[in-house]
Amino acid sequence: MMRLPKGGRIVRKSADGARARLTGHSPAGANPLGRTEASLAEHLRLINPDAPPQGGRFVMTETARDMLRSLHLVAGVAGGAMTMIAGAPGTGKSEVVRKFLAETHRAFSFEAVSGEGGIWSSAHGIFRALDLGQPNSRDLPGDRQRIAERLGLGGMLIVDEAQYLVQKNPRGKDNIDALEWLRKVSEEGCCSIVFVGDLALLDAVEKLPQLRRRMLRPIIVRRVTKADVEAVVARAGFNDAVVVDVLFAVARRGGGLGDVATILSHARLFAGGGKVQPFHIMTAIEDLKLQPKGGK
């Protein structure tokens, strides 16, 4: 079990103490609450402990608000436009896409798949997502027209995991033609295309200046921000700097806001239906093996 002393460094407690806290039983002669919980409660103050957890997974972080701004801006262009959202893992990209799609009736989505890049594979996947049947490999311009007609004038296609549109070539230059092919869909059909992916997407787009300059208010998120972690933590009922610092350190390991949400959900399990206390969060971090560096 971990606790957070005044210096802020995570250290372990004994296995017996941890077991007692997780099962509700304590070792013989021990205080059922334990000194660790009292110490954590002192340093990690629980804000609004009686407030029930708010439903829904989506949290309107600063980054999410910025992404939605670009999506709505592109959606408002009558003749179609293009943009890109490229970000590190766990920055909320897919959650934003789901929220936007739930609020918009003229947008379609397609999730690219690793190993299925290139024009033909991408066209096949998009046709399947749009219920267009099979594309014609001998008439790619006609395939673009069918996609544009399905989207409609001013309609929108959001390509999630768009870095996988790139066909990797371990022996030479990667094939990035699918990105250009979709640019032509947008221009010929007067519809909007949005690429959403990781930072490898940015690298691919930068190799296509004619595509890059058409991006309307592109969003680049290189790492999860502390402000976003604060928003997620506050949604769970906490607003303490130490809680935020610990979870921000966890998020920066690479899992981002996804790891933060997982920890908070796991902490509710340890709470057993009761109020989530700070030591539940610390227990969840250890149990999920997500301790920040130096916290072993």
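Predicted, not measured: the structure shown is a model, and the values here were computed from it. In this chain, numbering begins with 1 at the start of the sequence shown.
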Could you tell me the separation between the [atom1] atom of [X] and the [atom2] atom of [Y], rounded to the nearest 0.5 Å?
{"X": "I158", "Y": "S109", "atom1": "CD1", "atom2": "OG", "result": "7.0 Å"}
{"X": "I119", "Y": "S137", "atom1": "CD1", "atom2": "OG", "result": "12.0 Å"}
{"X": "M82", "Y": "L179", "atom1": "CE", "atom2": "CG", "result": "8.0 Å"}
{"X": "D177", "Y": "W120", "atom1": "CG", "atom2": "CH2", "result": "15.5 Å"}
{"X": "I147", "Y": "S186", "atom1": "CD1", "atom2": "OG", "result": "12.0 Å"}
{"X": "K226", "Y": "L247", "atom1": "NZ", "atom2": "CG", "result": "11.0 Å"}

Do [X] and [Y] share a hydrophobic cluster (ILVMFWY, side-chain heavy atoms under 4.5 Å, transitive)?
{"X": "I85", "Y": "M215", "answer": "no"}
{"X": "F195", "Y": "V221", "answer": "no"}
{"X": "L290", "Y": "F238", "answer": "yes"}
{"X": "V233", "Y": "M282", "answer": "yes"}
{"X": "L157", "Y": "V166", "answer": "yes"}

**OP:** Please list all pairs passing the salt bridge (Lys or Arg N to Asp or Glu O under 4.0 Å) test where one or both residues lie in residues 108-127, with sequence neighbours left out.
**Re:** none
Original post:
Can you pull the salt bridge (Lys or Arg N to Asp or Glu O under 4.0 Å) pairs that have at least one residue in residues 150-162, sequence neighbours excluded?
Top reply: none
Check: [X] side chain, [Y] main-chain N or O, donor-acceptor pair, under 3.5 Å:
{"X": "R235", "Y": "F58", "answer": "yes"}
{"X": "K93", "Y": "G87", "answer": "yes"}
{"X": "T83", "Y": "L216", "answer": "yes"}

Heavy atoms only: give me the nearest [X]-[Y] pair and the separation to one decimal.
{"X": "A178", "Y": "S122", "result": "CB-OG, 3.8 Å"}
{"X": "A123", "Y": "W181", "result": "CB-CH2, 3.7 Å"}
{"X": "A88", "Y": "R222", "result": "CB-O, 3.5 Å"}
{"X": "G152", "Y": "C191", "result": "O-CB, 3.8 Å"}

Original post:
Are K99 and E95 close enough, and set up right, to give a salt bridge (charged side-chain N to carboxylate O under 4.0 Å, His left out), and what steps lead you there?
Top reply: CA-CA 6 Å; K99 179 175 178 58; E95 288 76 12; over 6 Å; no
**OP:** Take F248 and T225 through the side-chain contact (heavy atoms from CB on, under 4.5 Å) test and state the conclusion after the steps.
**Re:** CA-CA 8 Å; F248 179 52; T225 68; 5.7 Å; no
Check side-chain hydrogen bond (donor to acceptor under 3.5 Å, both in side chains) between [X] and all other residues, then give those that pass, not counting sequence neighbours.
{"X": "N136", "result": "none"}
{"X": "Q167", "result": "N175"}
{"X": "R144", "result": "E188"}
{"X": "K184", "result": "none"}

**OP:** Applying side chain to side chain contact (heavy atoms under 4.5 Å, CB included), name anything that partners A107, two or more places apart in sequence or on another chain.
**Re:** F100, L101, T104, M156
Pairs of donor and acceptor atoms involving the side chains of residues 255-266, under 3.5 Å and at least two apart or interchain, shall be tabulated with distances.
residue	atom	partner	partner atom	Å
T262	OG1	G258	O	2.9
H266	NE2	D287	OD2	2.7

Original post:
For R253, what residues pass the salt bridge (charged side-chain N to carboxylate O under 4.0 Å, His left out) criterion, not counting sequence neighbours?
Top reply: none
**OP:** Any chance you could lay out the side-chain contact (heavy atoms from CB on, under 4.5 Å) test for M84 and I219, step after step, and finish with the verdict?
**Re:** CA-CA 6 Å; M84 128 180 100; I219 302 295; over 6 Å; no
Please report, to 0.1 Å, the donor-acceptor pairs under 3.5 Å made by any side chain of residues 124-131, with sequence neighbours excluded.
residue	atom	partner	partner atom	Å
H124	ND1	R128	NH1	3.0
H124	NE2	Q134	OE1	2.8

With a 3.5 Å cut-off and sequence neighbours excluded, list the donor-acceptor pairs that the side chains of residues 199-212 form with protein atoms.
residue	atom	partner	partner atom	Å
E206	OE2	R212	NE	3.2
Q210	NE2	E180	OE1	3.4

**OP:** Could you go through the side-chain contact (heavy atoms from CB on, under 4.5 Å) check for L182 and L165 one step at a time?
**Re:** CA-CA 10 Å; L182 285 171; L165 294 174; 3.8 Å; yes
Side-chain polar contacts of residues 62-80 - donor-acceptor pairs under 3.5 angstrom, sequence neighbours left out - could you list them?
residue	atom	partner	partner atom	Å
T63	OG1	D228	OD2	2.5
D66	OD1	R217	NH1	3.2
D66	OD1	R217	NH2	2.6
S70	OG	R217	O	2.7
S70	OG	R217	NH1	2.9

